[in-house]
Amino acid sequence: MDEARAREILAAAGLPVAEARLLALGENAVFAVGGLVVKVGRDAELFERAERELALASWLETAGVPAVRAAEEKPRPVEGHPVTVWHRLPDAVRPTEPRDLAPLLRAVHALPEPADLVLPRRDLLGGVERWLRLAGDAIDPADAAFLRERRDSFAPAAAALTPRLAPGPIHGDALPRNVHVGPDGPVLVDLETFSSDLREHDLVVLALSRDRYGLDPAAYDAFTEAYGWDVREWEGCAVLRGARETASCAWVAQHAPANPKALAEFERRVASLREGDTEVRWYPF
């Protein structure tokens, strides 16, 4: 689905296409339309996830957690695509910092399981096979085999972990890009990866960002101070980190056939994992 097709779906949904401004294009095409934000799902397979995301928004609103709010309770099925409609947030007052995540995660991590909504587990490694298959002959078969072996070793190890925190609802992709700092403070803006699993999943994300993606250590320290705990103190941190690194490396592989920069980045990541070097910098491509 490209932007032109997404605009056709907007029109079929009866929304004003002329004033729609594209904000993002991935699994969803996201448009600003007046005081609303409209998300057009890539295909019908995303309909169930769209339903869950809207239900989550309602649940979080009832619980008092600052998050995006739905303007319509159910997705619109439009020509085989789920279309969801959201209230648009006020303009950001400043860029998001890692510490802005802390109060939101503390609020989410204090919640019990929702009574009327079943949350999935956070399956970090579930996409590895598909991503490697999409990479095809563009990557070295030995690298693909290496990642499959890592997946097969980390999956049971992660399942056997003893958490420090009580398991329950988590955001699932706890990065600054998924927080919007408006006039009333930080707000969660992406609910698609909400899960029920080890709360440590949400904390390992920034620990990995510190070590692999160049996050300022001082910014990481500000986050852990605001949250109240550094997940690196937990003996299971290396296991969750290893699983996330495996998935992140395989995710890049799917882009290798059409993008030489992605292939180079994939090879960089695989080499660092083979060598056991936990500090080699990883880059976007």
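- The cluster map of Ile, Leu, Val, Met, Phe, Trp and Tyr, joined by side-chain heavy atoms under 4.5 Å apart, puts V108 and V189 in the same cluster.
- Annotation: side chain of L191 is not in contact with side chain of R52 (no heavy-atom distance under 4.5 Å).
- Residue pairs meeting the salt bridge (Lys or Arg N to Asp or Glu O under 4.0 Å) criterion with at least one partner in residues 255-269, sequence neighbours excluded, are E265-R268, E265-R269.
- Closest non-hydrogen pair, A207 versus R232, comes out as CB-CG, 4.1 Å.
- Between E53 and R49 there is no salt bridge, since none of the side-chain N atoms of the basic residue sits less than 4.0 Å from a carboxylate O of the acidic one.
- For the atom pair E51 CD and L56 CG, the distance stands at 12.0 Å (nearest 0.5 Å).
- Partners of V205 under the side-chain contact (heavy atoms from CB on, under 4.5 Å) rule, at least two apart in sequence or in another chain, are L175, R244.
- Hydrophobic clustering of Ile, Leu, Val, Met, Phe, Trp and Tyr side chains at less than 4.5 Å, counting indirect connections, unites L23 with W86.
- Annotation: ring-ring contact (aromatic ring centres under 6.0 Å, His included) contacts involving residues 254-278, sequence neighbours excluded, comprise W251-H255, H255-F285.
- The closest donor-acceptor contact from the side chain of H81 to the backbone of R42 lies under 3.5 Å.
- For the ring-ring contact (aromatic ring centres under 6.0 Å, His included) condition, no pair includes a residue of residues 4-42, sequence neighbours left out.
- Judged purely by atom type and a 3.5 angstrom limit, R199 uses its side chain to pair as donor or acceptor with the backbone of P169.
- Between E72 and the options R69, K74, R76, a salt bridge (Lys or Arg N to Asp or Glu O under 4.0 Å) holds for only R76.
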task = For side-chain contact (heavy atoms from CB on, under 4.5 Å), just list the numbers for N178 and L101, CA-CA rounded to whole Å, side-chain angles, deciding distance to a tenth of an Å, and then say yes or no.
result = CA-CA 9 Å; N178 291 325; L101 274 168; 6.0 Å; no
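- With sequence neighbours left out, the ring-ring contact (aromatic ring centres under 6.0 Å, His included) criterion links H171 to F194.
- Ion pairing of E129 with R148 is present here, as a side-chain N (NZ or NE/NH1/NH2) and a carboxylate O approach within less than 4.0 Å.
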Acceptor/donor pairs from residues 112-119 side chains to any protein atom, 3.5 angstrom cut, sequence neighbours excluded:
unit_1, atom_1, unit_2, atom_2, d
E113, OE1, S196, OG, 3.2
E113, OE2, S196, OG, 2.4

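- Among residues two or more places apart in sequence or in another chain, the salt bridge (Lys or Arg N to Asp or Glu O under 4.0 Å) test is passed with R177 by D173.
- Hydrophobic clustering (side-chain heavy atoms under 4.5 Å, transitive across Ile, Leu, Val, Met, Phe, Trp, Tyr) keeps L15 apart from V37.
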key: Verdict with supporting geometry, I139 and L132, side-chain contact (heavy atoms from CB on, under 4.5 Å)   = CA-CA 8 Å; I139 63 173; L132 294 177; 4.0 Å; yes
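- Residues L105 and L203 have side chains in contact (heavy-atom distance under 4.5 Å, counting atoms from C-beta outward).
- Taking each heavy atom of V68 and A57 in turn, the nearest pair found is O-CB, 3.7 Å.
- Nearest heavy-atom pair, F47 versus P82, reported as atom, atom and distance to 0.1 Å: CD1-CB, 3.5 Å.
- Taking CG from D211 and OG1 from T278, the interatomic distance works out to 6.5 Å, rounded to the nearest 0.5 Å.
- Taking F154 as the reference, nothing meets the ring-ring contact (aromatic ring centres under 6.0 Å, His included) condition, with sequence neighbours excluded.
- Under a cut-off of 6.0 angstrom, the local environment of CD in E45 is sparse, with at most 12 non-hydrogen atoms contributed by other residues, nucleotides or ligands.
- Side-chain atoms of N259 do not come within 3.5 Å of backbone N or O of A256 as any donor-acceptor pair.
- By the side-chain contact (heavy atoms from CB on, under 4.5 Å) test, E245 pairs with R150, L208, R212, R241, L273, W282, sequence neighbours left out.
- Between A107 and V65 the shortest heavy-atom distance is CB-CG2, 4.1 Å.
- Within the 4.5 Å cutoff, the side chain of L161 has heavy atoms near those of the L198 side chain.
- Shown here are the side-chain contact (heavy atoms from CB on, under 4.5 Å) partners of A271, two or more places apart in sequence or in another chain: E275.
- Rounded to the nearest 0.5 Å, atoms CD (E48) and CG (L46) are 10.5 Å apart.
- Between E79 and A12 the shortest heavy-atom distance is OE2-CB, 3.5 Å.
- Checked for salt-bridge contact, D202 and R122 miss the test: no charged N lies under 4.0 Å from a carboxylate O.
- Under a hydrophobic clustering in which Ile, Leu, Val, Met, Phe, Trp and Tyr are joined whenever their side-chain heavy atoms come within less than 4.5 Å, directly or via other members, I170 and V187 fall into different clusters.
- A donor-acceptor pair under 3.5 Å is formed between the side chain of T96 and the backbone N or O of V179.
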key: Full working for side-chain contact (heavy atoms from CB on, under 4.5 Å) between V30 and V38   = CA-CA 6 Å; V30 185; V38 181; over 6 Å; no
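- One N or O on the side chain of D2 and one on the backbone of R5 form a donor-acceptor pair closer than 3.5 Å.
- Between V181 and P95 the shortest side-chain heavy-atom distance does not fall below 4.5 Å.
- A continuous path of ILVMFWY side-chain contacts below 4.5 Å connects V252 to V128, so both sit in one hydrophobic cluster.
- For D277, the side-chain contact (heavy atoms from CB on, under 4.5 Å) test picks out E279, V280, with sequence neighbours left out.
- The existence of a salt bridge linking E225 and R99 is excluded, since no basic side-chain nitrogen approaches an acidic carboxylate oxygen closer than 4.0 Å.
- Listed by first and then second residue, the ring-ring contact (aromatic ring centres under 6.0 Å, His included) pairs that reach into residues 211-235 are H109-Y227, sequence neighbours excluded.
- Note that CG of L188 is 4.5 Å distant from CG of L104, once rounded to the nearest 0.5 Å.
- V83 has its side chain within reach of I9: a pair of non-hydrogen atoms, C-beta onward, lies under 4.5 Å apart.
- Proximity of a side-chain donor or acceptor of R121 to a complementary backbone N or O of S195 within less than 3.5 Å is not detected.
- Remark: side-chain polar atoms of S58 are not paired, donor with acceptor, to backbone N or O of L54 under 3.5 angstrom.
- Here T193 contributes atom OG1 and L124 contributes atom CG; the two are 10.5 Å apart, rounded to the nearest 0.5 Å.
- In plain terms, the two heavy atoms of L60 and L111 that are nearest each other are CD2-CD1, 3.9 Å.
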task = With side-chain contact (heavy atoms from CB on, under 4.5 Å) as the test, would you mind laying out the steps for R210 and L206 before giving the verdict?
result = CA-CA 6 Å; R210 178 191 184 279; L206 277 186; over 6 Å; no
